[in-house]
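All ligand and atom numbering here is 1-based and tracks the order in the structure.
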Amino acid sequence: MSFLVKNYNRRKISFKYGKGSFLYSVNGKKYLDFVQGIAVNSLGHSNPYLVKAINKQSKKLWHVSNAFIISEAEKLAKRLTQKTFADYVLFQNSGAEATEAAIKIARRYFYSIGQEKKNRILCIKNSFHGRTLATIFASGSRKMTEGFGPKVDGFDHFEFGDHKGLKKAINSKTAAIMIETVLGEGGIKVIPDWCLKELRKICNKKKILLILDEVQCGIGRSGKFFAFENSKIKPDIVPIAKGIGGGFPIGAVLMTKKVASGMVPGSHGSTFGGNPLAMSVGNAVLDQIFKKNFLKNIKKISLYFHNELNKIKNDYPNIIKDVRGVGLLIGLQLFHDQTKFIKNLENNQLLTIRAAENVIRVLPPLTVKKKEIDLAIKIIRKVCKEYKK
Ligand SMILES: *Cc1c(COP(=O)(O)O)cnc(C)c1O
């Protein structure tokens with residue numbers, strides 16, 4: 001008997017501990033974990049450097065309040081701005097809070113320049129920005145909003161890839177376009193660089209803001225610090241979360257000076273956001289990700305992984321429809337429902353997780369080793385070989 005609310009379809013498997021790319025179940029089985037808490041444990045399980053950082057900070061100070069100066073937060077914000085487009089950072093505790101704060105910041109900016117009627121956010125239909133009331137209506141997904149009315153107004157939608165629809169949906173009330181640089185839950189769909197460039201142009205022309213949700217694809221997962229970096233564009237607002245805490249709940253919004261000017265004392269707040277314990281872990285994660293060659297290695301090893309997966313796709317063209325994604329944010333799209341395939345992988349001690357459009361998400365830690373990728377390839381190949389619909 002479980003006393004947890006049944007809002008999850010949980011797998012009947014539970015873990016005692018984890019180490020790097022592996023999880024060890026209470027039944028004594030060893031699993032190659034290519035879920036990693038859904039792209040959260042960016043440095044793998046119980047990473048010694050993170051363990052040390054959290055232990056050290058836990059003996060000093062966990063939590064004060066944003067009523068005081070928090071040096072660990074100052075440090076993390078400074079490092080994030082030095083390495084990115086951003087001038088300012090706001091800390092939260094989760095992805096949904098970060099995207100919701102991004103929406104507030106966009107609206108508040110137009111309010112602050114006397115254009116409060118510009119307050120609508122344009123999003124991709126069936127995208128994912130979290131589970132708060134505002135962010136479920138931002139996603140425009142029927143499944144996520146069902147039963148949670150009344151509708152939170154202020155969001156308009158266009159279909160993924162429908163460029164005409166996007167242009168048509170922009171009107172005088174549009175404040176911002178908010179999209180995931182790579183749609184995660186939506187099926188690992190990458191927005192191509194030329195599209196991002198075009199989006200930036202449209203936003204400049206219409207004087208609206210570009211919000212890129214990098215909660216899942218950011219913090220090194222793509223092989224760049226941010227997934228949009230290859231396109232060379234600069235967004236106005238970027239919510240992040242998953243990977244930045246390495247397993248500790250951290251959310252943040254990065255933004256330009258212009259946009260940040262709308263936020264004044266009292267305009268937003270969070271009790272927990274940016275506390276010393278969380279920020280120390282965030283700083284430790286950056287110590288690793290900013291190391292020389294760390295991102296380069298992700299590029300190299302992920303290229304190898306994609307190539308090997310494409311070989312499997314070529315050998316099993318009736319099972320695997322597409323290998324998509326970027327860096328270590330990988331989607332295997334099947335021709336049929338992926339449930340059984342994921343279960344078969346699990347039976348062979350490889351953990352993966354679903355996304356929309358029959359996609360299996362493959363999310364190794366950013367510290368994954370080549371021999372672990374080889375093990376995953378071997379298991380995926382075996383499951384393909386034995387696979388019956
Ligand atoms: C996971 C995710 C969120 C929500 O993050 P939570 O921490 O679950 O609230 C928002 N946007 C994207 C793109 C995500 O992948």
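Under 4.0 Å is where a charged nitrogen must lie from a carboxylate oxygen, and between D162 and K167 no such pair does. Using a cutoff of 4.0 Å between basic side-chain nitrogens and carboxylate oxygens, D87 and K258 are not scored as salt-bridged.
Within 4.0 Å of ligand 1, protein heavy atoms belong to S94, G95, A96, F128, H129, G130, E180, D213, V215, Q216, K242, listed by chain and number.
Cation-pi check for K30 over F22 is met; the charged atom lies under 6.0 angstrom from the ring centroid and within 45 degrees of its normal. Judged by the 6.0 Å distance and 45° axis criteria, K83 is positioned over the aromatic ring of F290. Both tests hold for K189 against F160: distance to the six-membered ring centre under 6.0 Å, angle to the ring axis within 45°.
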For residues 129-142, which side-chain N or O atoms pair as donor and acceptor with protein atoms under 3.5 Å away, sequence neighbours left out?
| residue | atom | partner | partner atom | Å |
| --- | --- | --- | --- | --- |
| H129 | ND1 | D213 | OD2 | 2.8 |
| H129 | NE2 | S127 | OG | 3.3 |
| T132 | OG1 | E100 | OE1 | 2.4 |
| T132 | OG1 | T135 | N | 3.3 |
| T132 | OG1 | T135 | OG1 | 2.7 |
| T135 | OG1 | G130 | O | 3.2 |
| T135 | OG1 | R131 | N | 3.3 |
| T135 | OG1 | T132 | N | 2.9 |
| T135 | OG1 | T132 | O | 3.2 |
| S139 | OG | I136 | O | 2.6 |
| S139 | OG | S141 | N | 3.1 |
| S141 | OG | K143 | N | 3.4 |
| S141 | OG | M144 | N | 3.1 |

